[in-house]
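Have a look at the structure below before the remarks.
So you know, we letter chains A, B, ... as the sequences are listed, proteins then strands, and number each from 1. The structure presented is a predicted model; accordingly, all values stated were derived computationally and were not measured. Computation of the quantities below employed the complete heavy-atom set of this structure, encompassing side-chain atoms and omitting hydrogens, waters and symmetry-equivalent molecules.
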2 protein chains.
Amino acid sequence: LVLLTELYISSMPSSQTIFPFSVSEEHKCLNSELWHACAGPLVSLPAVGSRVLYFPQGHSEQVSASTNKEMESQIPNYPNLPAQLICQLHNVTMHADAETDEVYAQMTLQPLSPQELKDPFLPAELGNASKQPTNYFCKTLTASDTSTHGGFSVPRRAAEKVFPPLDFTQQPPAQELMAKDLHGNEWKFRHIFRGQPKRHLLTTGWSVFISAKRLVAGDSVLFIWNDNNQLLLGIRRANRSQTVMPSSVLSSDSMHIGLLAAAAHAASTNSRFTIFYNPRASPSEFVIPLAKYVKAVYHTRISVGMRFRMLFETEESSVRRYMGTITGISDLDPARWPNSHWRSVKVGWDESTAGERQPRVSLWEIEPLTTYPMYSSPFPMRLKRPWPTGLPSLYGG
Amino acid sequence: LVLLTELYISSMPSSQTIFPFSVSEEHKCLNSELWHACAGPLVSLPAVGSRVLYFPQGHSEQVSASTNKEMESQIPNYPNLPAQLICQLHNVTMHADAETDEVYAQMTLQPLSPQELKDPFLPAELGNASKQPTNYFCKTLTASDTSTHGGFSVPRRAAEKVFPPLDFTQQPPAQELMAKDLHGNEWKFRHIFRGQPKRHLLTTGWSVFISAKRLVAGDSVLFIWNDNNQLLLGIRRANRSQTVMPSSVLSSDSMHIGLLAAAAHAASTNSRFTIFYNPRASPSEFVIPLAKYVKAVYHTRISVGMRFRMLFETEESSVRRYMGTITGISDLDPARWPNSHWRSVKVGWDESTAGERQPRVSLWEIEPLTTYPMYSSPFPMRLKRPWPTGLPSLYGG
DNA sequence: GTGTTGGCGAGGCGCCGACAA
DNA sequence: TTGTCGGCGCCTCGCCAACAC
């Protein structure tokens, strides 16, 4: 039912290089720009070959979110599985569910041995935030956009920015647009500029697209004009009560056990294991660059009462900052995951509509405002246990 | 995306009683007759409260079939997990995927302690094969049935058997039929008897059903006229290259590990665990009544060369017997699952089109023809290890 | 600048028997 | 007995501008 198309970004010459869409038609490559645009401006994938931290806790949260079921208490403990694993990231492939176009990434991780941890630190491992495309727009579909009664109303600025210019000597000005989706399928639309007042519209071809992708009002579409003068087309479904399955394959408990046991086994044997990261289902990234973690945990001093900023995605696929105050620092799950930095920071948000923002975040997700603290705490945060392996030596080089 | 409706058959007064469809509308009960009709004539669920054997190997096969991926070799061993677990079956609920209508069952199992194994044997635990409904028909959809050009051609005998009789004084004779699917949704069809030569047709309402369920030529529909004079309507999709997802949630390796670790943990603590059984995805039942197992393994003597029969499902949802010869008896996976009876019998099939029938079966799936052996083997099968716990004492009562 | 609606033309949906396998 | 097709009526899709906010 669900087939996958994939792009082996490990074969990319550099993570900065933009991967041409049609390099290998036989692999039906997934366009990296489009994948990232669909994933959202805040999502970045660590570089292949770099060292990362993997959080089983965060992975578990993704399974809970995907199955709509909390983990039961009957799950066995894995005493040898630490709250975070330092891993080598061997491979990252981008995927899209052929049914729903939901984007996700597959990563191959290998826990590092204490010996390997002593390797010199590579500056490149800081990673670079995935560049969002510049020539693009994202619109949330209205009732009119999705009804069978008409086409798609293109916001004026968007049309002028990302669509090829129309020939205004024609009456009415019109052209045929062709856009490729994540799977490489081509969609044709008639782009016309008409009406009183004049406006940009997509007419013929639009309803086929809407019904094929089963889009409804509230979902979003995303057009990109890339450097190869190609039009790319992605979709983002609204969060309608979790776009997921309780899985008729495996109980959610077994899934939780599975990911924990897989990680524990990989950790004990230093062997590779595979995980899926679904950026729009997961509450937070659970595979992060080692350098990002080290910077946040070892080079940042935070304390209760400190002010901070944090990035969030807006409806229009851009970012904005929300402000808040740190209200506490403690383990999220002291029994199962003691001394974990995963969501160890309790926070309060400035804006009263903050009910939707999570009350706990991780250090590397926030931007502390050290210059203007609201009030300083007499208890600055200190690490209870220093890093057990020789991590600081990573800096010695 | 996928919501579930369910029927707690554990609340049924007896497994023989037919559960009325509309007893509890608030639970949106799943009709047991319809579930079994969709599952097929060979599928039976063990009785709630009875003792069963659970085969991790078979469960693993279901995951492989569902994810289209074989288990990799990196899976850890679970030395304390035997090839079969004797369990108490605490709960069985029937489900249907809200997206695809695919039927599956959820079972809660609890491994029995050696002490509990000594409990007297209950004759009721032999279980009774689920009765297939009598007034029903199943038709594989033709190109005409699924095209937008027309309706559904009802086979004459089927219409006369399961649909209410038409009033033949009208010209043409026609009526409105209402049928409920697994989720309790009602579908209305115009049933008319017309054409030259005369035939039964479903016209108005049919194409809505076809497009809503996304049926294509090759899929099957199934109508049941039950004892409450209700018309039930189920679907069975053709095996189009496995109707499944490689799961953007969890890697298939983690799933395999998950089911094994969950079973191993439950076995070591004698605690309950939950599994999903998908009869149309799984090659074989992997939860079978203990009595069935005991009868097949301890009360049947088989040998190489012996002739046997085995039941298979036909296109029209009835059963037929295929004949074959036992060609060997050995472990399917001697390294991982030594001394397992799961698919321990190697067989050859009489009919040359036998490529689709599995080359290995389990003892309890076949019907040895002890009266007419083709030739008798000098090496009758003997159990290598007698039952480790006091199983034979179960018969003492 | 853009979401919705009434108007209306055309294409495909869907009902019919003919025909053949 | 039943799968497919040509015929064709009508309904809904889908293009248009008007209008409102």
*Heavy atoms under 4.0 Å is the rule here; annotate nucleotides 14-21 of chain D 5' to 3' with B where the base is hit, S where only the sugar-phosphate is, and - elsewhere.*
BBBBBBB-
*asked:* Can you see whether Arg236(B) engages Ser317(B) through a side-chain donor-acceptor pair at a distance of less than 3.5 angstrom?
replied: yes
_Under 3.5 Å, is there a donor on one side chain and an acceptor on the other for Glu102(B) and Asn278(B)?_
yes
*Does any non-hydrogen side-chain atom of His36(B) lie less than 4.5 Å from one of Leu45(B)?*
yes
*Does Phe193(A) reach the side chain of His200(A), with side-chain heavy atoms less than 4.5 Å apart?*
yes
Quick check on the 6.0 Å ring-centre criterion: do [X] and [Y] meet it?
X         : Y         : value
Phe163(A) : His191(A) : yes
Phe189(A) : Phe152(A) : no
Tyr104(B) : Trp35(B)  : no

*For Lys198(A), does the NZ atom sit with more than 12 other heavy atoms under 6.0 Å from it, leaving out its own atoms?*
yes
*Give one of base, sugar-phosphate or nothing for Ser144(B), where a contact means two heavy atoms less than 4.0 Å apart.*
base
*Is the phosphate of dT1(D), meaning OP1 or OP2, less than 4.0 Å from a side-chain N or O of Lys139(B)?*
no
_Start and end of chain A contact along DNA chain C [non-hydrogen atoms, under 4.0 Å]_ = dG1(C) to dG7(C)
